[in-house]
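First up is the structure itself, then whatever we jot down about it.
Just so you know, these numbers come straight off a predicted model, no measurement behind them. Counting convention: from 1, in listed order, for ligands and their atoms alike.
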Amino acid sequence: ATTTAYQAENATITNGVVESNHAGYTGTGFVNYDNATGSSVQWSVTAAATGSATLSIRFANGTVTNRPMDIAVNGTTVASGVAFNGTGAWTTWQETSLTATLNAGANTVRATATTAGGGPNVDKLTVVEGGTTGPSMA
Ligand code: GCU
């Protein structure tokens, strides 16, 4: 299986800002979603083949209130109201995962806040493609 990380700060951000004031992120920062319904991050994801993939979103939520988001792949919502619960601190990062089908080649994965609190702070999307064993590169 191939694992690829896609940083949120390099994605297409709608109603959010890149920040780096809470430690523990990977890359150069994270996205602070605006506290509003509809704020989103959209990643461009390349898959080697059509098939199932595990999508993991690394996030922090320093509040005690869930910041749910809808997850869309290629414009179709594949998971509604995925929970991004409080992690205890803005510097405490956790991952939540779901499985979705990707197309060979270019895909979009979008995480859109569904409540007035907006999204959590989002560090990155990690994509693990399929379980099919390919030819060894050794
Ligand atoms: C604080 C925190 C931000 C966070 C925001 C929020 O301002 O410093 O990183 O995004 O709360 O509630 O969304």
Heavy-atom donor-acceptor pair, [X] side chain to [Y] backbone, under 3.5 Å:
X: T91; Y: H22; value: no
X: E95; Y: I57; value: no
X: R67; Y: G117; value: yes
X: T87; Y: N61; value: yes

Nearest protein heavy atom with distance in Å, relative to [atom]:
atom: atom 9 (O) of ligand 1; answer: N121 ND2, 2.8 Å
atom: atom 2 (C) of ligand 1; answer: H22 NE2, 3.4 Å
atom: atom 5 (C) of ligand 1; answer: W90 CZ2, 3.7 Å

Numbered atoms of ligand 1 (with element) below 4.0 Å of R67, judged on heavy atoms: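 That gives atoms 6 (C), 12 (O), 13 (O) of ligand 1.
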In terms of atom number and element, which parts of ligand 1 are under 4.0 angstrom from non-hydrogen atoms of N35?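 That gives atoms 6 (C), 12 (O), 13 (O) of ligand 1.
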Is there a protein heavy atom at a distance of less than 4.0 Å from atom 12 (O) of ligand 1?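 It does; a protein heavy atom is within 4.0 Å.
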Between D123 and T26, do the side chains contain a donor N or O and an acceptor N or O under 3.5 Å apart?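 Yes - a donor-acceptor pair under 3.5 Å links their side chains.
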Between S56 and S97: side-chain donor-acceptor atoms closer than 3.5 Å: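 Present: a donor and an acceptor within the cut-off.
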Min N/O separation [X] to ligand 1 under 3.5 Å:
X: Y33; result: no
X: N21; result: no
X: N32; result: yes

W43: what forms a ring pair (Phe, Tyr, Trp, His ring centres under 6.0 Å) with it, not counting sequence neighbours?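 W43: no ring pair (Phe, Tyr, Trp, His ring centres under 6.0 Å) contacts found.
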